[in-house]
Amino acid sequence: MKSQKLRQLFLNFFREKGHEIVPSAPMVIRNDPSLMFTNAGMNQFKDIFLGHTAPKYRRVADSQKCLRVSGKHNDLEEVGHDTYHHTMFEMLGNWSFGDYFKKEAIEWAWEFLNGRLGIPADRLYATIFTGSPEDNVPRDEESFRWWQECFPGQSDRILEGSKEDNFWEMGETGPCGPCSEIHVDLRDDSEREKIPGHSLVNRSHPLVLEIWNLVFIQYNRRADGSLELLPDSHVDTGMGFERLCMVVQGKTSNYDTDIFQTLINEISISCGRKYGETEEQDIAMRVVADHLRAISFSIADGQLPSNNKAGYVIRRILRRAVRYAYNYLNVDEPFMYRLVPVLVAEMGDQYPELKNSEEHISRIIHEEESSFLKTLGKGLKMIDRMISDLKMKKINVLPGRIAFELYDTYGFPADLTRLILRENNMTLDTEGFEQEMENQKNRSRKDGTLDSGDWINVREGDTTIFTGYDKTTDDILIMKYRVVKARGKDICQLVFDKTPFYAESGGQSGDSGVIASEEEQIRITDTIWENELIIHLADKIPSRPDAAFVAKVDLRKRAMTASNHTATHLLHYALRKVLGNHVEQKGSLVTSERLRFDFSHFSRLTREEILEVENIANQLVRNNFTRQVMDDVPLEEALTMGAMALFGEKYGDTVRVVRFGDSVELCGGTHADSTAGIGLIKIISEGAIAAGIRRIEAITGSKADEYINEKIAELENVASMLKSTGNVRESVEKLISENAALRKTVEKYKSRIAKDIIRDLVQNAVQIGDVRFIRGQVEADSAETLKSIAFEIRKIPGKNVAVMGSQIGEKAGLVAMVSDPLAKEGRLEATEIIREIAPEISGGGGGQPFLATAGGKNPGGIARALEKAGKFIRERLS
RNA sequence: GGGGAAUUAGCUCAGCUGGCCAGAGCACCUGCUUUGCAAGCAGGGGGUCAAGGGUUCGAAUCCCUUAUUCUCCA
């Protein structure tokens, strides 16, 4: 059975059982500092389990794309080496929100696996929770009973598990409950006879593995560690799709299923090697196949590879793939980008976001591959240098510190370093390397944990109402607060019952302002959004937190931010008009100062295009469209209105729609009352931030005015300086060519004058033994000129020594030169002359044996300095 | 969030511990020579050494701040 059909079978099965089939949530999570990627099917229902939102459907099923690469579930280093770990995988799941419970969950799971898919009962095992006295939770008798129905008379197929395996918790606190897992034994008959399957369950055997976890959420863990029964019981299940395919398709490796085989085939064609030849090659191919999926889906969800946070995780995955291909498949040029169409053909139907950005994904991957190969190239050069260095010193162990530097600073992978060393009969000081690595980790960990105090509750209550769309001043009460230490400074975080302050989100920066009670006033420096909480950052703790406060938003900043945000919408609209509908928002930043907008487009914008975009946007400004806001519009309806939704953005069922004329967007930000308030939009820069993504920056209102006025003033200044009444450009062009000609002439004269000076100096030179002493006070406009005269004299053949001084502005300059034939003898050095005479001009200096310079504050001393030089040289040469 | 590194001509880079007036290769322009596979020869143009401060007689080089990029860790 093909994987696509299997997925459909699962969804159809639960549709039959009255479940609503919902689409997969984005794999990339925004606005949640605790989680970067969706790592389980239940993530998108977290709010329901926490009781924050009411479920829309009581029964839900889906196939959820997940990524496990960081945090608790970190499988990255395993992937490829075995046949069942993945970074990105699909999780099939069914949920009951206060509806059915253990009986149905178990019955249906059994019906689906055994009945529909025909997985033989004698290959299946179930586990149940054995109970936990310290939590006062008994053995899960209910699950045991229902499993007995499935395995009549074979209680040895139902195993008991401890808290570690069979009790699921969302976090330190919150919803939790016993779970029941289904395991499958895929070994052949003789193996199964030798060792009974139940002894291998939960023992990391590659062929005896868990495929489905049924979680029964019935408790809530309180902060004090105790459990309380929830009013409603929920079911949360998750089944690894890739594993299920393996079971159904009768394979012993996830990578042998059709999900991966098409990709692996393509990879094998790309590098001209067969899958199954050697273990190393197979690992590399599995790594590439797995990672390609993870990267492609992330990019489709709007997460580009970058140098920190989630973007960096993506980049690392891609690099791991390139590295394996480079080491074991001998691929040294970009190739993964060519596999994207294969992946899209396989999964594009189920995940339309993948299909929609196929070209985009391919380009991004190509770009990343080439840039990493470049990094590798640089590293190779460096390591070659190190090796030849070591060989010269006859050392054959590369110090760990150096290997670590290569890795840490230049991103050169340590395993490659090892490989190259081996080729050169050298080894790596692994211990030293690990030590450095450990240091780095400790350093990061130490600074990573910022010291946040406990929340201090002032009043009961959880949610903050945002009143800032209508009000900029409001009466508020403080619900709770805490102090966070960051960079040695204490920042106080405040949560209100309601607030007019807009919290940073959707690219719009947070409001600032003040809150005031009768006795004090506190500055709010920023407002952020964290885990559904609007947090106000204040510079001090309120002395009486329980007092009544009035919150006032900084109006000027708010208005400027609103203008910029509205301008962003207008520019988005104009960009689509000018460039086409492939333009999609890929990111945006709106502050009171300026706005930044990233969008998909494949080539540089021409001057004309930028002007046209600006024109259209400004036309909309002048048309003075008033703001129309519709709250709680069903998503479907909003989309039919032509509102632009963003891929990878998680929307609720109802959305807020902001409209100015024909520009319609889903947006939670604050906006200008009407477009005319923006005044003027001016694009100030355009550039690329990644393959296929451009960025524009713009300013509005008085900022734009100032900008333009400055430009005009600059031009007028130039015109008046040129005394040009007509064409400034022509005047400048003329000036430039005149200047070039003049410069040539001046240089000619300068060198002629220098020659004259030199001739005079040489004529007045005195002979000291076999050496000619050239000295004098000369006219020079800078130390450079003085130096260049010395350089000229240096060209005169014979044993010469020259010392010259010059008044340069208010200061004095000296230069001493010893010609090459004389310098070679080693009798006299320019530096010692200069050191001897520099005090005369109240200065100091130095240089090289043949040429030295000095500067000082006292031009009156030049003559004495020259005299002293003569004396010194005479002494030295005698 | 923390550490390390980079930023020099249109491009790729060299310039180590401050001082040979800022260099190479490719590209560009002119001329000659040749007309064929990265052509050769001669000559030439092109740099606020990322920006801004500081130390110094002197800074591309040392220090600080900022910006951007790369990289590793969390």
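Fair warning: this is a prediction, and the values are worked out from it, not measured in the lab. Letters A, B, ... are given to chains in the order of the sequence lines, protein chains preceding strands, and every chain is numbered from 1.
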Exercise. Mapping A852(A) and Q440(A) onto RNA chain B by nearest heavy atom, which one lands closer to the 5' end?
Worked result: A852(A)
Rounded to whole angstrom, note down the [atom1] distance from [N] over to [M].
N: A24(B); M: U66(B); atom1: C1'; answer: 32 Å
N: U35(B); M: C49(B); atom1: P; answer: 46 Å
N: G25(B); M: C41(B); atom1: P; answer: 11 Å
N: G23(B); M: A14(B); atom1: C1'; answer: 7 Å
N: C26(B); M: C37(B); atom1: P; answer: 16 Å

Exercise. Should the ring pair F404(A) and F433(A) be called parallel, tilted or perpendicular, given that the plane angle runs from 0 to 90° and is split at 30 and 60?
Worked result: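 Aromatic pair F404(A)/F433(A) classed perpendicular.
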Please work out if [X] contacts a base, only the sugar-phosphate, or nothing of the nucleic acid, heavy-atom cut-off 4.0 Å.
X: G844(A); result: base
X: K378(A); result: sugar-phosphate
X: G411(A); result: sugar-phosphate

For this session: Tell me whether Y410(A) is stacked on the nucleobase of C70(B), counting only the six-membered base ring and applying the 5.5 Å and 30° thresholds.
Result: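 No, Y410(A) does not stack on the base of C70(B).
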Problem set entry | Greater than 12 external heavy atoms within 6.0 Å of K811(A)'s NZ | no
Exercise. When you look at CD of E825(A), are more than 12 heavy atoms from neighbouring residues, nucleotides or ligands closer to it than 6.0 Å?
Worked result: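 For E825(A), atom CD is crowded (more than 12 foreign heavy atoms under 6.0 Å).
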Exercise. Is the base of G3(B) touched by the side chain of D408(A) through a donor-acceptor pair closer than 3.5 angstrom?
Worked result: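 Answer yes: a donor N or O sits under 3.5 Å from an acceptor.
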Rounded interatomic separation in angstrom, taking [atom1] from [X] and [atom2] from [N]:
X: N439(A); N: C72(B); atom1: CG; atom2: P; value: 18 Å
X: I314(A); N: C72(B); atom1: CD1; atom2: C1'; value: 17 Å
X: K441(A); N: C72(B); atom1: NZ; atom2: C1'; value: 11 Å
X: K857(A); N: G58(B); atom1: NZ; atom2: C1'; value: 15 Å
X: R315(A); N: C73(B); atom1: CZ; atom2: C1'; value: 15 Å

Among [options], which is the nearest nucleotide to the side chain of [X]?
X: Y312(A); options: C72(B), C20(B), C70(B); result: C72(B)
X: Y407(A); options: C20(B), C73(B), C13(B); result: C73(B)
X: M437(A); options: A5(B), C73(B), C20(B); result: C73(B)

For this session: Determine: side-chain N/O of R316(A) to OP1/OP2 of C73(B), distance under 4.0 Å, yes or no.
Result: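 It does, given that an N or O in the side chain of R316(A) lies less than 4.0 Å from OP1 or OP2 of C73(B).
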For this session: Considering just the side-chain nitrogens and oxygens of K787(A), establish if one lies under 4.0 Å of OP1 or OP2 belonging to C20(B).
Result: yes
Exercise. Under 6.0 Å from the six-membered ring centre of Y337(A) and within 45° of its axis: does the NZ or CZ of R363(A) meet both?
Worked result: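 Cation-pi check for R363(A) and Y337(A): fails.
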For this session: Using modelled atom types only, decide if a donor and an acceptor are shared between the side chain of S819(A) and the backbone of N800(A) within a distance under 3.5 Å.
Result: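 Yes; at least one donor-acceptor contact below 3.5 Å.
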For this session: Grab the stems for RNA chain B, please: at least three consecutive Watson-Crick or wobble pairs, both distances below 3.5 Å, written as range with range.
Result: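 Expected stems, ordered by start: B:1-7 with B:67-73, B:10-13 with B:23-26, B:28-32 with B:40-44, B:50-54 with B:62-66.
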